[in-house]
Amino acid sequence: MDLLRHLRHFAVVARELHFGRAAEELGMAQPPLSQSIQRLERELQVELFDRSRRQVRLTTAGQLLLGEADELLAAEQRLRNLIRQVRQGALGVLRAGVPPETPAVTLRALLDRLGTEAPGLDVDLHELTSTEQVRMLAEGRLDAGLLHRPVDEAGLRFGPAVDVPLGVLLPRASPLARARQVDLAELAGLDLITAPPATAPGWHEHLLAVCRRHGFTPGRIRHARNPEFLFGLVLAGGAVAIEPEALARREPRIAWRPVAGEPLVKRTSAAWPDRSPHPAAPMFGQLAAEVLALAEPPAGPAAIAPAARPWPVLFEAGQGGKLPS
């Protein structure tokens with residue numbers, strides 16, 4: 001027996017005290033409505049309406065039931081609204097990962113957008129490398145992540161990708177900083193500072209491949225986990241880094257110069273499990289792309305690239321998006 005459906009019928013009849021008008025309000029014929037009330041009475045083993053007179057009236061049991069029915073029906077509506085919001089990703093907890101180097105202003109903008117779009121959603125942010133995020137997504141300990149691509153996409157779904165131009169970070173006193181742009185071959189013999197390979201293996205591999213292809217074989221690879229250490233190594237001389245321009249803005253003694261020719265780009269997008277995804281994950285991916293696109297200058301005609309296009313972390317736009325060999 002669908003108790004709530006019968007209670008809804010009862011509540012309308014109880015207020016109208018007229019089966020015909022109640023049936024019209026409910027959008028149903030009068031005979032099925034009468035049968036619904038009779039079935040509810042049989043189920044509860046009481047008479048809810050006094051039908052002995054020309055006017056339909058509530059019995060004592062009917063009067064008592066009406067108050068309880070209103071509460072039950074209101075609770076049902078609250079429950080439906082709650083589940084609808086959960087289904088739409090507007091409620092609950094979203095466990096999301098972001099790269100350690102994400103600027104504070106970008107995090108604030110992302111949290112503000114999420115707060116506006118889903119004020120009832122509790123966003124639990126974690127500072128994690130791409131490798132850590134991929135592992136935690138696979139283990140079910142993370143609902144969404146912001147990854148530097150390429151990554152192993154098995155079992156993952158991706159949001160819109162944002163391409164950020166890369167250039168060379170140099171001491172302002174370096175002769176190379178006098179030029180408006182730098183050819184990678186001009187860096188020959190210098191050390192290259194980059195994140196440890198374990199943090200984003202795909203990034204590390206393709207960065208080195210592009211450098212070698214363009215005549216830059218680093219003297220040695222030096223690893224930096226945080227910007228301050230990276231800046232210190234650059235300022236010490238003999239080493240450069242290839243990073244977004246925004247990173248150079250944190251240190252006035254550092255100059256950023258674009259790479260000659262078509263720029264290298266870093267591609268970032270949100271990812272979440274393909275199976276049983278968190279309802280808020282696609283919204284997180286879209287808002288993250290919009291925030292990142294506003295935070296960085298565009299890498300080309302479109303700042304947000306379709307998720308379905310080829311997705312190397314580093315590629316030469318002039319090569320049709322193909323990965324360097």
Side-chain angles (χ1 to χ4, degrees), residues 2-5 7-8 68-162 199-200 267-296 303-308 311:
D2 187 347
L3 179 60
L4 289 174
R5 180 171 65 88
L7 285 176
R8 279 192 292 271
E68 297 294 330
D70 286 341
E71 291 187 16
L72 281 172
L73 293 172
E76 181 208 19
Q77 189 58 50
R78 289 194 299 270
L79 179 61
R80 289 183 181 275
N81 290 338
L82 177 69
I83 297 303
R84 176 179 55 80
Q85 292 182 69
V86 171
R87 190 171 61 247
Q88 294 174 348
L91 288 179
V93 177
L94 176 72
R95 302 165 300 173
V98 294
E101 72 274 13
T102 306
V105 65
T106 301
L107 288 177
R108 175 62 184 272
L110 178 56
L111 289 173
D112 284 348
R113 290 293 305 277
L114 287 165
T116 300
E117 296 293 330
L121 184 67
D122 182 9
V123 182
D124 183 15
L125 282 184
H126 299 264
E127 183 186 43
L128 300 165
T129 66
S130 292
T131 298
E132 291 170 333
Q133 291 183 54
V134 169
R135 184 180 67 251
M136 292 179 67
L137 286 167
E139 294 172 349
R141 295 191 290 137
L142 205 64
D143 300 311
L146 199 55
L147 307 176
H148 297 319
R149 298 167 69 178
V151 296
D152 180 5
E153 62 178 310
L156 292 179
R157 188 179 304 173
F158 292 93
V162 177
T199 63
R267 180 162 293 167
T268 305
S269 66
W272 55 90
D274 188 45
R275 293 186 177 182
S276 302
H278 191 289
M283 176 181 64
F284 174 83
Q286 181 62 43
L287 294 181
E290 293 174 7
V291 168
L292 289 175
L294 291 173
E296 298 284 354
I304 299 180
W311 43 259

(Q) According to side chain to side chain contact (heavy atoms under 4.5 Å, CB included), who are the partners of Asp112, at least two apart in sequence or on a separate chain? (A)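 If we apply the side chain to side chain contact (heavy atoms under 4.5 Å, CB included) test to Asp112, skipping adjacent residues, the hits are Arg108.
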
Q: List for me each residue that meets side chain to side chain contact (heavy atoms under 4.5 Å, CB included) alongside Leu125, sequence neighbours excluded, and say none if there are none.
A: Ala96, Val98, Leu107, Leu111, Val123

Q. Which residues pass the salt bridge (Lys or Arg N to Asp or Glu O under 4.0 Å) test with Glu76, sequence neighbours left out?
A.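 Here the qualifying residues are Arg8, Arg80.
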
Q: Could you tell me which residues satisfy salt bridge (Lys or Arg N to Asp or Glu O under 4.0 Å) with Asp274, sequence neighbours excluded, listed by chain and number?
A: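 Scan of Asp274 (salt bridge (Lys or Arg N to Asp or Glu O under 4.0 Å), adjacent residues dropped) gives Arg157.
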
Q) Are the side chain of His278 and the backbone of Leu142 linked by a donor-acceptor contact shorter than 3.5 Å? A)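 Absent.
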
Value rounded to 0.5 Å, distance of [atom1] in [X] from [atom2] in [Y]:
X      : Y      : atom1 : atom2 : value
Glu117 : Met283 : CD    : CE    : 7.0 Å
Leu72  : Gln77  : CG    : CD    : 13.5 Å
Arg267 : Leu292 : CZ    : CG    : 13.5 Å
Asp70  : Leu7   : CG    : CG    : 9.5 Å

Taking every non-hydrogen atom, the tightest pair across [X] and [Y]:
X      : Y      : value
Leu94  : Ala281 : CD1-N, 4.5 Å
Gly97  : Phe284 : O-CZ, 4.5 Å
Gly159 : Ser269 : O-CB, 3.7 Å
Pro160 : Gln286 : CG-OE1, 3.3 Å
Trp272 : Gly285 : CZ3-CA, 4.2 Å

Q) Sequence neighbours excluded, which residues qualify as side-chain hydrogen bond (donor to acceptor under 3.5 Å, both in side chains) partners of Glu71? A) none

Just list the side-chain donor-acceptor pairs under 3.5 Å for residues 131-140, sequence neighbours left out, or say none.
| residue | atom | partner | partner atom | Å |
| --- | --- | --- | --- | --- |
| Thr131 | OG1 | Ala198 | O | 2.6 |
| Thr131 | OG1 | Thr199 | O | 3.0 |
| Glu132 | OE1 | Thr129 | N | 2.9 |
| Glu132 | OE1 | Thr129 | OG1 | 3.3 |
| Gln133 | OE1 | Leu146 | N | 2.7 |
| Gln133 | NE2 | Leu128 | O | 3.0 |
| Gln133 | NE2 | Leu146 | O | 3.1 |
| Glu139 | OE1 | Arg141 | NE | 2.8 |
| Glu139 | OE1 | Arg141 | NH2 | 2.7 |

